[in-house]
Structures are given as structure tokens and as C-alpha cells.
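Working notes, beginning with the structure itself.
Below, each value reflects all heavy atoms present in this structure, side chains not excepted, and no hydrogens, waters or symmetry copies.
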Amino acid sequence: MPELPEVETIARGLDKRVRGDVIEAVWLGKHREPLKSSAREIAAALAGTRIAQVRRIGKHIVFDLELKASRNRKESRQWIVHLGMTGRMLVCSPEEESPKHTHAIATLSSGRELRFVDPRRFGRLSVTMEQAFTGPGSEPLTVTPEEFVRLFHGRKTPIKAALLNQKLLHGVGNIYADESLFRAGIRPRRQAGRLTRAELDRLHAALKEVLREAIKLGGSSVSDYVDAEGREGFFQLQHRVYLRTGKPCLVCKTPIKRFVLGGRGTHYCPKCQR
Ligand SMILES: [Zn+2]
């Protein structure tokens, strides 16, 4: 499942390749699951638009589109792509064979194609016509320290669960929740509303740090995810606790512990995290 840093990497790679290009036509496959908006809506919204920008919001890839002929800058359209478990957005030349499980093809005026490929079909495509998509919660990389503290005020849930709550912060997944709590020295089960300001400031800094490091790692391998010849699989940050159950903590050598919190495997160091 692509996490925030991977989606950021993919969005940046797509932006570099297709910004300014015009979507001339759209083909949609026969499977309906990947289509959150109807096929007709998607085709009508996309065809004839210019890709003004591609960016990430939460774990979504958002194409900001403008009508080629329109001077009306207020009219905003967006193509929103969620990659689900196995979804990929590829920039291809039309001669390249369409892989099996291709669900959407946008033909670009540059002569290339933008393809959405998803074997397991958990990915979702949708469009917005008037109301711009902003995502369900705050953006973890740009939320201010004050907003960050306010998100957890009075919350009785464990801090790990609060970090994963997409209505508070969108885009934080299991890996980055565990890794940021380790770096901040906070136990995953601590009640969110009971953390001190100093602890929340540490957590905020750690979360941004761990996400930025992962994005930086992805920068060099971006072509693996958006170019058709790229290989499968995502880059990995050197995890300090995630999936290191029983292995020595990299700081204090205490074995890393694992338990299940809200259905998610949770990893922490019993000595470094309080
Ligand atoms: Zn430790």
C-alpha cells in the first residue's frame, strides 16, 4: 500500500512529466470498481482540459485541470486518483503494450498516454467539478505546531490511533505513525489528550522529519513509479521499529515489542518510549 511519501514522489514525478499537457480523450475499462465518479462524468470532466498541476493531498494524487479555451479561472476541475493497494499511474508512449488491468487511459496532446493500472482494483478514480478537493483532515507536512496541538486536545484515544485518524491528519499510515512515535519517545498507547505540549511538539517534528526523509529517498527513484519501463515496488526508509519485533533497538539495544492496536500491528521500544 503506497504511503504518503510514495504518493508524494509519484505526484511530483507526474507533475514533471505531464504538467501543461492537454488531455484529448479518455478511455475507461469495463470494470466499475475503480470508478468513484461515473465513467461518463470522468470522461466528460477530463477531455479537453489542460493539466495545470499534479500534486498530493493526503494519499491522493490530484490533477488540477483547466479548460483549454476558458478564460474563467474560477472554474476548477480536478481528477483525483487514489492508488489503493496496487494502483499505478504510468506515462507511456502509445506503442507500449497496455498491461493487463489497465482501467483508464488519457490520451495527451504531446502524443503520450497516461495510464491507470491496478491489478487488485482497490484504487479509485474520481472527478470534482466545482468544489475543490481538500482532503478529510490537516496536511501533516504543513500543519502548524498550534494546529497540531489542537488536533489532539481532549482526545481520549491512544495517540497512535489519533495519528491514523484521517479526519485529524490525512495521509499518515501505520509505518510513519510507529516511526514518528519512536523518534519522539512516546508510547503508542498514551492517551492523545494527555500528552504535554513538549511531547506534541516533539511528535510533530518527528512526523515531519520521518516523512521528509522518506520523500527524499523517493526522489532518486521516481522514474520507477511513473515511467512505463519502471520496475515494481516502493523504496523503503530504514525502519527503526516498524516490523523489527524482537530485534535490538538501534538506540538502547532493548528488544522491540509489538502489540495490536485498533487492528494494526504496533511496534515500539519499551525503554526509549515513555
Ligand atoms: Zn530503545
Side-chain angles (χ1 to χ4, degrees), residues 1-10 56 58-59 83-88 120 122 140-141 143 148 151-152 155-166 168-196 198-222 224-225 230-274:
M1 165 100 64
E3 295 267 355
L4 185 152
E6 289 86 16
V7 180
E8 174 79 26
T9 300
I10 293 163
R56 177 195 59 78
K59 283 198 230 177
L83 297 173
M85 307 268 292
T86 52
R88 308 182 75 202
R120 294 192 60 186
F122 287 110
L141 285 173
V143 64
F148 187 84
L151 291 177
F152 304 106
R155 300 221 164 243
K156 295 199 166 78
T157 52
I159 184 62
K160 162 99 188 256
L163 279 176
L164 293 179
N165 181 345
Q166 301 294 304
L168 301 180
L169 287 168
H170 58 212
V172 180
N174 206 33
I175 300 172
Y176 298 99
D178 281 5
E179 291 295 313
S180 60
L181 284 166
F182 173 76
R183 292 189 188 201
I186 298 166
R187 288 210 183 186
R189 254 198 279 252
R190 291 272 306 280
Q191 207 182 95
R194 289 210 159 163
L195 295 180
T196 65
E199 286 173 324
L200 285 171
D201 283 344
R202 280 207 316 266
L203 180 58
H204 182 213
L207 180 61
K208 282 199 298 190
E209 180 187 85
V210 78
L211 290 171
R212 288 204 178 118
E213 272 177 32
I215 290 167
K216 217 166 134 193
L217 277 175
S220 55
S221 53
V222 56
D224 292 349
Y225 313 112
R231 45 194 170 80
E232 303 264 344
F234 290 112
F235 56 90
Q236 273 200 342
L237 190 79
Q238 174 76 53
H239 300 147
R240 297 186 189 173
V241 287
Y242 186 73
L243 298 184
R244 294 194 67 247
T245 312
K247 295 195 174 123
C249 170
L250 299 175
V251 175
C252 73
K253 308 251 189 313
T254 305
I256 298 300
K257 283 196 167 175
R258 178 188 189 274
F259 67 100
V260 176
L261 194 157
R264 313 297 300 273
T266 298
H267 313 79
Y268 73 104
C269 171
K271 195 170 169 202
C272 292
Q273 291 172 258
R274 295 280 155 199

>> Set out, in order, the CA-CA distance, both residues' side-chain angles and the distance that settles side chain to side chain contact (heavy atoms under 4.5 Å, CB included) for L141 and I215, then state yes or no.
In response: CA-CA 11 Å; L141 285 173; I215 290 167; 3.7 Å; yes

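- C249 places a side-chain heavy atom less than 4.5 Å from the side chain of C272.
- In this structure, Q166 contributes its side chain and V172 its backbone to a donor-acceptor pair below 3.5 Å.
- Distance alone, capped at 3.5 Å, places no donor-acceptor pair between the T266 side chain and the V260 backbone.
- Residue K208 holds its NZ atom at 12.5 Å from OG of S180, rounded to the nearest 0.5 Å.
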Scan the side chains in residues 186-193 for donor-acceptor partners under 3.5 Å anywhere in the protein, sequence neighbours excluded, and list what turns up.
from : atom 1 : to   : atom 2 : distance (Å)
R187 : NE     : Q273 : O      : 2.8
R187 : NH2    : P270 : O      : 2.6
R190 : NH1    : E199 : OE2    : 3.1
R190 : NH1    : R274 : O      : 2.9
R190 : NH2    : E199 : OE1    : 2.9
R190 : NH2    : E199 : OE2    : 3.3

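- Between F259 and Y268, a ring centre-to-centre spacing shorter than 6.0 Å is recorded.
- Summarising the geometry of A162 relative to T157, their closest heavy-atom pair is CB-OG1, 4.0 Å, with the distance given to 0.1 Å.
- In this structure a side-chain-to-backbone donor-acceptor pair under 3.5 Å is present from E179 to V241.
- The closest side-chain heavy-atom distance from H204 to V143 is below 4.5 Å.
- Residues Y176 and L211 meet the side-chain proximity criterion, which asks for heavy atoms closer than 4.5 Å.
- When all heavy atoms of L4 and G171 are compared, the closest pair comes out as CB-O, 3.3 Å.
- Taking CZ of R264 as the reference point, atom CG of N174 lies at 4.0 Å (rounded to 0.5 Å).
- You'll find the side chain of T9 stays beyond 4.5 Å of the side chain of K216, heavy atoms only.
- Side-chain atoms of D178 come within 3.5 Å of backbone atoms of H267 as a donor-acceptor pair (strictly under, hydrogens ignored).
- The existence of a salt bridge linking E213 and R183 is confirmed by a sub-4.0 Å separation between a basic side-chain nitrogen and an acidic carboxylate oxygen.
- Using a 4.5 Å heavy-atom threshold, the side chains of L168 and L163 count as separate.
- Distance check: L203 CG to L195 CG gives 7.5 Å after rounding to the nearest 0.5 Å.
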>> side chain to side chain contact (heavy atoms under 4.5 Å, CB included), that's the test. Do N165 and L169 meet it? Break it down for me.
In response: CA-CA 6 Å; N165 181 345; L169 287 168; over 6 Å; no

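- Panel note: side chain R244, backbone P248; a donor-acceptor pair is recorded below 3.5 Å.
- No side-chain heavy atom of K257 sits less than 4.5 Å from a side-chain heavy atom of T245.
- Judged as a ring pair (Phe, Tyr, Trp, His ring centres under 6.0 Å), and not counting sequence neighbours, the contacts of F152 are F148.
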